[in-house]
Amino acid sequence: HVRLTRALAPLSLWPDVDAKHLWLEDCDLSEAVFMDARLPGAVFRGCALGKTEFHVAGLDGADLRGSDLQ
């Protein structure tokens, strides 16, 4: 179980992360890389996700409501 609130993590690397209960709220994840991550049911609430890469990431049931995806 991981919960991050207002974390500044632009350009962060999350390769091969396996997190069943990930909650990120009001975080800056601009240009972060979640390549091959397994994030079922992850919550990205109000996060900055501009140019964030989810290449081959498993996001079944993920909640991106309120996040900036530009």
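Small disclaimer: the values here were computed from a predicted structure and weren't measured.
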**Student:** Could you tell me which non-hydrogen atom of Pro40 sits nearest to which non-hydrogen atom of Ala19, and how far apart they are?
**Tutor:**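 Scanning both residues completely, I find the closest heavy atoms to be CD-O, 3.7 Å.
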**Student:** Who pairs with His1 by ring-ring contact (aromatic ring centres under 6.0 Å, His included), at least two apart in sequence or on another chain?
**Tutor:** His21
**Student:** My understanding is that only residues two or more places apart in sequence, or in another chain, count here; which of them pass salt bridge (Lys or Arg N to Asp or Glu O under 4.0 Å) with Glu31?
**Tutor:**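 For Glu31 there are no salt bridge (Lys or Arg N to Asp or Glu O under 4.0 Å) partners, ignoring immediate neighbours.
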**Student:** Could you identify which residues cluster with Leu69, counting Ile, Leu, Val, Met, Phe, Trp and Tyr as linked when any side-chain heavy atoms lie under 4.5 Å apart, either directly or through a chain of such contacts?
**Tutor:**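 Its cluster partners, ordered by chain and number, are Val2, Leu4, Trp14, Val17, Leu22, Leu24, Leu29, Phe34, Leu39, Phe44, Leu49, Phe54, Leu59, Leu64.
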**Student:** Other hydrophobic cluster members with Val33, side-chain heavy atoms of Ile/Leu/Val/Met/Phe/Trp/Tyr under 4.5 Å, chained?
**Tutor:** Leu13, Met35
**Student:** What's the separation between atom CZ in Arg6 and atom SG in Cys27, rounded to the nearest 0.5 Å?
**Tutor:**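 Arg6 CZ to Cys27 SG: 9.0 Å, rounded to 0.5 Å.
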**Student:** Asp36: which residues meet the side chain to side chain contact (heavy atoms under 4.5 Å, CB included) condition with it, sequence neighbours left out?
**Tutor:** Asp16, Val56
**Student:** Considering residues at least two apart in sequence or located in another chain, which fulfil the side-chain hydrogen bond (donor to acceptor under 3.5 Å, both in side chains) criterion with Ser30?
**Tutor:**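 Once residues adjacent in sequence are excluded, the partners of Ser30 under the side-chain hydrogen bond (donor to acceptor under 3.5 Å, both in side chains) criterion are Asp28.
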**Student:** Once side-chain hydrogen bond (donor to acceptor under 3.5 Å, both in side chains) is applied, what residue pairs with a partner in residues 37-54 remain, sequence neighbours excluded?
**Tutor:**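 Residue pairs with at least one partner in residues 37-54: Arg45-Asp63.
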**Student:** If you look at every heavy atom in Gly46 and Ser67, which pair is closest and at what distance?
**Tutor:** N-OG, 3.5 Å
